[in-house]
2 protein chains.
Amino acid sequence: MAVTDIATRTHDHNFRLDPIVRSLLDTDFYKLLMLQMIRQLHPDVDATFSLINRTKSVRLADIIDEGELRAQLDHARSVRFTKKELIWLAGNSFYGKARMFGPDFIAWLAAFRLPDYELRKIDGQYELHFDGPWTHTTMWEIPALAIINELKSRAAMRDRGRFTLDVLYARAKARLWEKVERLRQLPDLVISDFGTRRRHGFLWQRWCVEALKEGLDDRFIGTSNVLLAMDADLEAIGTNAHELPMVAAALADGDAALAQAPYQVLEAWQQHYNGNLLIALPDAYGTTAFLANAPDWVADWTGFRPDSAPPISGGEQIIRWWKEKGRDPREKLLIFSDGMDIDTIEETYRHFHGRVRMSFGWGTNLTNDFRGCDPDGGNGLDPISLVCKVTSANGRPAVKLSDNPAKATGDPAEIERYRRVFGVMDQETRPVQV
Amino acid sequence: MAVTDIATRTHDHNFRLDPIVRSLLDTDFYKLLMLQMIRQLHPDVDATFSLINRTKSVRLADIIDEGELRAQLDHARSVRFTKKELIWLAGNSFYGKARMFGPDFIAWLAAFRLPDYELRKIDGQYELHFDGPWTHTTMWEIPALAIINELKSRAAMRDRGRFTLDVLYARAKARLWEKVERLRQLPDLVISDFGTRRRHGFLWQRWCVEALKEGLDDRFIGTSNVLLAMDADLEAIGTNAHELPMVAAALADGDAALAQAPYQVLEAWQQHYNGNLLIALPDAYGTTAFLANAPDWVADWTGFRPDSAPPISGGEQIIRWWKEKGRDPREKLLIFSDGMDIDTIEETYRHFHGRVRMSFGWGTNLTNDFRGCDPDGGNGLDPISLVCKVTSANGRPAVKLSDNPAKATGDPAEIERYRRVFGVMDQETRPVQV
């Protein structure tokens with residue numbers, strides 16, 4: 001016999017909103033690591049983050065109701081870190097280190113709230129900007145993306161019957177489990193969830209993370225989602241992101257300073273963190289140029305996250321460079337996290353196995369793969385390539401080139417200048433799926 | 001439409017046990033405060049705790065299946081403090097104080113497990129003893145009581161229909177809410193939950209605690225249950241218990257040392273704790289004798305918990321003593337926690353209001369009051385007066401006199417000796433309900 005709790009159901013009569021973001025820990029761990037450093041080094045820098053939908057064919061403003069979007073963004077702005085969350089942040093060990101976050105930072109987080117936003121519809125898309133101190137706008141990236149992606153999923157499923165939905169999730173679960181069974185064949189696999197920003201929805205991400213915990217056991221080392229890490233007693237995973245070199249580059253005065261900006265960011269990072277947190281992103285202004293001009297000490301870092309390069313050629317390039325610098329790649333770490341899925345994970349694993357330590361950050365294709373799952377068909381649940389990037393710092397335009405011109409962001413004239421300063425030659429353009 | 005999650009239901013096909021104690025934090029807060037001190041001062045003392053059912057008419061061994069009892073006790077022995085729980089204990093503030101529990105103690109808790117038990121049936125009752133280091137046996141008191149009380153409830157409800165149970169809980173909720181409405185009439189009320197040991201069941205205690213949080217708002221200051229305090233973001237409440245003077249008295253060599261034992265315990269306590277944790281239990285060997293012989297500094301303590309004396313006469317006696325010592329009772333605190341219920345809370349509140357600070361610890365009559373709630377009638381859900389007391393320390397008998405001879409425990413000859421040493425005159429015997 002199935003029973004409905006009448007009091008709960010009656011309470012829900014007053015239901016207004018099913019909030020997507022219910023905790024400020026429902027974000028990526030690297031945001032907190034970066035925030036602690038930003039707050040110390042750049043408390044007065046303003047940074048604007050902006051939503052960019054690279055999948056132009058999906059007209060988000062026609063799909064997602066503006067009132068619902070505002071209600072979710074407003075709700076996220078009402079959320080505070082709770083006492084229990086701050087105690088956990090202060091007391092938990094991250095990457096084997098106790099007291100990763102200083103008491104001063106924790107006290108500052110206690111008063112933190114997400115800043116205001118600017119939203120308008122233009123030509124079937126949402127323009128969404130977050131202006132203000134970098135210490136605040138940076139924290140919008142993940143919740144803003146999670147909100148829009150989940151509202152898009154909700155819209156796609158709005159008129160489905162209950163059994164259609166039940167079958168939809170049944171298929172998605174079966175689909176994920178097939179991947180789990182294949183991943184179990186890779187004995188030295190090290191993998192973590194990087195799928196918060198592009199997830200189908202919060203509850204689905206939680207299901208995926210807990211399923212990997214049961215299904216992959218020790219091969220699954222954790223999640224970038226801080227809330228899920230806390231609740232499921234998993235490691236919180238993550239290091240740093242492109243916004244650090246992008247802001248440093250935007251603030252650099254003149255071409256010489258610009259050329260040095262990516263390395264200065266690494267110098268600052270290693271003042272704050274060490275060990276397995278010394279993972280460099282080489283691709284902000286082209287991996288080839290980055291490696292060619294890198295100071296020797298960059299080879300002392302634990303590893304690289306070759307983000308926008310194809311995993312095998314990108315990995316080989318870095319391994320060659322380590323060897324040139326006299327380093328043994330088997331003691332180094334490569335983290336692959338750009339649009340990985342079961343096929344590319346297997347291929348990359350087999351290619352590099354035994355030659356370098358490696359770890360996979362599995363994102364969109366973990367937490368938002370509903371291909372072939374919708375009994376009613378259609379592509380409404382396909383993930384889109386949605387990002388929220390820093391677009392200016394202290395009023396100056398911010399630029400990213402990456403190893404794939406399709407992922408470049410920023411003012412075209414500035415992009416040209418950056419290509420010249422960093423000596424970026426012809427790059428191969430590859431389609432961006434997610 | 002009500003739906004059953006098929007996977008969950010199928011997982012439950014393998015159901016073996018619905019564990020009563022699922023966390024070592026599911027205990028009273030004072031146990032942890034005392035444990036920290038016991039571990040520092042008396043790491044080598046052995047103490048035996050024993051179950052005592054004062055309600056002889058209820059033949060527990062006829063009601064509770066021995067196999068079920070062993071399964072629950074064994075399950076409790078398998079539980080460890082989790083990482084998240086230890087982080088919270090280390091990081092949370094208790095009674096306004098950060099780092100109440102030292103890192104050394106927290107590290108020791110990480111390896112803690114409940115020690116073995118000795119169980120046998122004698123004459124329709126269970127004999128249940130916990131022998132071993134005091135640092136371990138002390139932690140059995142609350143889970144052992146909670147397990148037996150919940151197994152007794154489960155036995156009483158075993159053959160009930162689903163709607164009978166639904167009405168049973170409906171009536172119990174309505175009953176508690178009537179008390180809440182009366183308590184709301186007391187503007188300066190300060191009350192907390194002390195009902196873990198005698199609760200009807202864990203889920204019911206959680207309902208009661210969360211209902212008081214919503215219903216009484218700031219008048220409800222917290223719960224003695226550490227797990228519920230953590231989960232519901234409430235204050236953990238509690239100070240110390242009779243086991244401290246009982247063990248000190250048992251270990252005292254000769255009558256002169258015995259007479260001083262209760263005060264030595266207080267001296268040790270104030271080396272460890274301060275502020276609102278300086279609450280003395282005056283009744284272990286008679287309140288009158290305790291006050292007559294107390295050193296002056298005892299009047300500097302924040303207050304008393306007059307446990308076994310009737311609240312009004314017991315409170316008046318302490319107020320007179322404070323005045324004799326030149327103290328202003330309005331700056332002092334009385335905590336009433338012995339079998340309180342709505343009538344005695346109202347009466348005590350009105351009697352002392354404005355003359356002394358007071359606080360109520362509401363136990364059995366909060367978390368186990370099903371009088372008149374069972375549609376099938378009977379008294380199977382009536383609470384019983386079940387305790388788990390220290391009965392010997394390092395092989396010497398432990399004794400408690402209390403202000404009510406019906407609550408005395410220990411060897412009769414030793415009780416006589418204690419009465420002589422502490423100068424305890426005739427006491428009024430009152431029936432013990434809970």
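Every chain is numbered from 1 and lettered A, B, ... according to where its sequence line falls, protein lines coming before strand lines.
Atom CZ of Arg99(B) has 12 or fewer heavy atoms from other residues, nucleotides or ligands within 6.0 Å. Atom CZ of Arg182(B) sits in a crowded spot, with more than 12 heavy atoms from other residues, nucleotides or ligands closer than 6.0 Å. Residue Leu17(A) qualifies as enclosed at atom CG: its count of foreign heavy atoms under 6.0 Å is above 12. The environment of Asp12(A) atom CG is dense: over 12 non-hydrogen atoms of other residues, nucleotides or ligands sit within 6.0 angstrom.
By number of non-hydrogen pairs under 4.5 angstrom with chain B, the leading residue of Thr82(A), Asp231(A), Asn92(A), Leu86(A) is Asn92(A).
In this structure, chain B has a heavy atom under 4.5 Å from the side chain of Asp233(A), while its backbone stays farther away. Heavy atoms of Asp166(B) lying under 4.5 Å from chain A are absent altogether.
What you find for Lys84(B) and Met230(A) is that their closest heavy atoms are CD-O, 3.6 Å.
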